[in-house]
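Letters go in sequence order (proteins before strands), and every chain restarts at 1. This is a predicted model, so every value here is computed, not measured. Values below: all heavy atoms of this structure, side chains included; hydrogens, waters and symmetry mates excluded.
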Protein chains: 2
Amino acid sequence: MFIEIEPDSAIPIYLQLAQQIMEGIAREELAPETPLPSVRAFAADLSMNMHTVNKAYHYLEEKKMIEIIPKKGVFIHKDAVRSATAEEKIRMEEELRPILAEALCLQISREELAAMIEKMVREIREGSK
Amino acid sequence: MFIEIEPDSAIPIYLQLAQQIMEGIAREELAPETPLPSVRAFAADLSMNMHTVNKAYHYLEEKKMIEIIPKKGVFIHKDAVRSATAEEKIRMEEELRPILAEALCLQISREELAAMIEKMVREIREGSK
DNA sequence: CAGTTGTTATACAAATAATAGAACAGATTT
DNA sequence: AAATCTGTTCTATTATTTGTATAACAACTG
C-alpha cells in the first residue's frame with residue numbers, strides 16, 4: 001500500500017493518512033481482516049510520529065472502518081465494506097452540502113457533476129493520484 | 001437572509017457563515033451586486049466578533065464569490081454565478097474524493113448518490129436545513 | 001462634520017496538530 | 001522463560017488555528 005503524505009497540505013497529515021487507508025479499503029486492496037502496520041512501524045515508514053498514526057487509526061475506528069485490538073494489532077474492520085446506515089448517509093449529505101453549493105454557483109451541470117464523480121471513483125479504484 | 005450558526009459544530013463558525021452566504025448565492029437569494037452587511041453590523045447581528053465575519057468575507061473573496069471594496073462595503077461578486085474554471089473543477093474534485101471513498105466503502109450506489117445530491121441541491125435551493 | 005466603511009495592529013485565550021519520550025500490560029515469538 | 005511487539009496512557013513542548021477584544025487609520029457618505 002502506497003501512502004503519500006503532503007506535509008504542507010491544508011489537510012492535517014493524520015487525516016491524509018486516514019483518507020488514503022479508506023481509499024485502500026474502497027478499492028478492495030485492503031480487504032476486511034487485513035492487518036495494518038503497528039503504530040510504530042507505520043510511523044517509522046512514513047517518517048511521522050507514533051501518536052499521529054494512532055490518531056488516524058482512532059479516526060477510522062470511530063467510523064468503524066478498522067478494528068483496534070489492544071496488544072494485538074489493527075485490522076481492517078470485518079464490516080468495513082457494508083451498507084450505510086441512515087446516520088452515515090446524513091453525515092455524508094452534510095459533507096456534500098457546501099461542495100454542492102459551490103457547484104451551483106459555478107454552474108456545474110448534473111451531467112458534468114456526474115462525470116466528475118465518475119472520474120474520481122475511477123481514480124480511487126485505480127489508486128492513482 | 002437567515003443565518004444560523006452552531007457554535008459547537010466541528011466546522012469553524014467563520015466557515016459556517018461563508019458557506020451559508022454561498023448557499024444564498026447558489027439559491028439566487030443573494031444576486032450579484034447585492035450588498036452584504038458591514039463586518040460590524042453582521043458581527044453584532046450574529047453575536048460574533050468583527051474579525052470572524054471579516055475572515056469569512058476574505059474566504060469568499062478568495063473564491064471570487066464576493067467583492068470587498070475598502071471603505072465602501074462588501075458585495076456579491078459580479079460574476080459570483082459563472083462557469084467554473086479548470087482549476088476550480090480540480091479543487092472541487094479533490095474535495096469530493098474522500099467523501100466518495102467513504103461512499104464506496106458504504107456501498108452507496110450511483111443511483112442513491114445521485115438521489116442524495118438531488119436532495120441536498122433541493123434543500124440548498126429551498127434554503128431549508 | 002459626524003458616522004460608517006474595510007483595514008491594520010496588537011493582544012489574549014482556547015483548541016488543534018504534531019512531535020517526543022517514557023512507562024505499562026498483555027500478546028507473540030524465540 | 002526471556003525478549004520482543006502490541007496498543008495505551010501520561011506528561012511535555014511547540015506551532016498553528018480559531019475566536020474574541022480594543023484601538024486606530026483612512027476613505028467614503030450623509
Side-chain angles (χ1 to χ4, degrees), chain A residues 1 3-21 30 33-78 80 95 98, chain B residues 1 3-21 30 33-78 80 95 98:
Chain A
M1 172 111 195
I3 303 283
E4 204 154 352
I5 300 297
E6 297 181 30
D8 292 345
S9 166
I11 303 170
I13 61 179
Y14 83 91
L15 253 189
Q16 292 183 48
L17 174 56
Q19 288 170 353
Q20 290 188 40
I21 292 172
L30 296 175
E33 317 275 8
T34 304
L36 285 173
S38 75
V39 289
R40 287 173 180 84
F42 219 169
D45 186 31
L46 299 173
S47 303
M48 63 176 63
N49 193 277
M50 171 188 68
H51 300 297
T52 307
V53 176
N54 200 245
K55 190 168 180 179
Y57 277 173
H58 279 89
Y59 173 83
L60 290 172
E61 185 192 37
E62 167 97 25
K63 287 190 176 300
K64 293 191 173 58
M65 289 298 168
I66 67 176
E67 203 174 356
I68 302 175
I69 306 180
K71 332 290 180 187
K72 286 209 63 178
V74 178
F75 309 85
I76 304 300
H77 197 288
K78 179 169 66 74
E95 287 173 13
Chain B
M1 171 109 195
I3 303 283
E4 203 154 353
I5 301 295
E6 296 180 29
D8 292 344
S9 167
I11 303 169
I13 61 179
Y14 84 91
L15 250 190
Q16 291 184 47
L17 175 56
Q19 287 171 352
Q20 290 188 41
I21 292 171
L30 297 175
E33 316 274 8
T34 304
L36 285 173
S38 75
V39 289
R40 288 174 179 82
F42 219 170
D45 185 31
L46 300 173
S47 304
M48 63 175 64
N49 194 277
M50 173 188 67
H51 300 295
T52 306
V53 175
N54 201 247
K55 191 168 182 178
Y57 278 173
H58 279 89
Y59 173 83
L60 289 171
E61 186 193 38
E62 166 97 25
K63 285 190 177 300
K64 292 191 173 58
M65 288 298 169
I66 67 176
E67 205 174 354
I68 301 175
I69 306 178
K71 334 289 179 189
K72 288 209 64 179
V74 178
F75 309 86
I76 303 300
H77 197 287
K78 180 167 65 72
E95 287 173 10

> Considering residues at least two apart in sequence or located in another chain, which fulfil the side chain to side chain contact (heavy atoms under 4.5 Å, CB included) criterion with B/Pro12?
Replying inline: B/Tyr14, B/Leu15
> Donor-acceptor pair, B/Gln20 side chain versus B/Glu4 backbone, under 3.5 Å?
Replying inline: yes
>> So which atom in A/Ile66 and which in A/Leu36 form the shortest heavy-atom distance, rounded to 0.1 Å?
In response: CG2-CD1, 3.9 Å
> For A/Glu62, which residues count as a side chain to side chain contact (heavy atoms under 4.5 Å, CB included) partner, sequence neighbours excluded?
Replying inline: none
> What parts of residues 8-18 of chain B reach DNA chain D, counting only heavy atoms under 4.0 Å away?
Replying inline: B/Pro12, B/Ile13, B/Tyr14
>> What is the separation between atom CG on A/Asn49 and atom C1' on D/dT11, rounded to the nearest whole Å?
In response: 14 Å
> Base, backbone or nothing for each nucleotide of nucleotides 25-30 of chain D, written B, S, -, heavy atoms under 4.0 angstrom, 5' to 3'?
Replying inline: -BBSS-
> For B/Lys63, what residues pass the salt bridge (charged side-chain N to carboxylate O under 4.0 Å, His left out) criterion, not counting sequence neighbours?
Replying inline: A/Glu102
> For DNA chain C, what residues of residues 50-58 of chain A have any heavy atom nearer than 4.0 Å?
Replying inline: A/Met50, A/His51, A/Thr52, A/Lys55
> Heavy atoms, side chains only, cut-off 4.5 Å: are B/Ile68 and B/His58 in contact?
Replying inline: yes
Would you be so kind as to tabulate the donor-acceptor pairs closer than 3.5 Å made by side chains of residues 37-53 of chain B, with sequence neighbours excluded?
unit_1, atom_1, unit_2, atom_2, d
B/Ser38, OG, B/Ala41, N, 3.0
B/Asn49, OD1, B/His51, N, 2.9

> Are A/Phe75 and A/Thr34 side-chain neighbours, meaning at least one heavy-atom pair lies under 4.5 Å?
Replying inline: no
> If each of B/Ile68 and A/Pro7 is mapped to the nucleotide of DNA chain C with the nearest heavy atom, which maps nearer the 5' terminus, i.e. the 5' end?
Replying inline: B/Ile68
> Roughly how far apart are B/Glu67 CD and B/Leu60 CG, rounded to 0.5 Å?
Replying inline: 13.0 Å
> Can you give the first and last nucleotides of DNA chain C, 5' to 3', that have an atom under 4.0 Å from a heavy atom of chain A?
Replying inline: C/dA17 to C/dT28
>> Let me test you: for the helix from C/dG6-D/dC25 to C/dT30-D/dA1, what is the angle between the axes at its two ends (five pairs each), rounded to 10 degrees?
In response: 30°
>> Could you measure the distance from the CD1 atom of B/Ile5 to the CD1 atom of B/Ile13? Nearest 0.5 Å is fine.
In response: 6.5 Å
> Taking side chain as C-beta onward, heavy atoms only, is A/Val74 less than 4.5 Å from A/Ile69?
Replying inline: no
> Can you tell me how far the CD1 atom of A/Ile11 sits from the CD atom of B/Glu95, to the nearest 0.5 Å?
Replying inline: 8.5 Å
>> How long is the straight-line distance from CG of A/Leu17 back to CD of A/Gln19, given to the nearest 0.5 Å?
In response: 9.5 Å
> Who passes side chain to side chain contact (heavy atoms under 4.5 Å, CB included) against B/Glu33, sequence neighbours left out?
Replying inline: B/Lys78
>> When you measure from the side chain of A/Gln16 to the backbone of A/Glu6, do you find a donor-acceptor pair of N or O atoms at a distance under 3.5 Å?
In response: yes
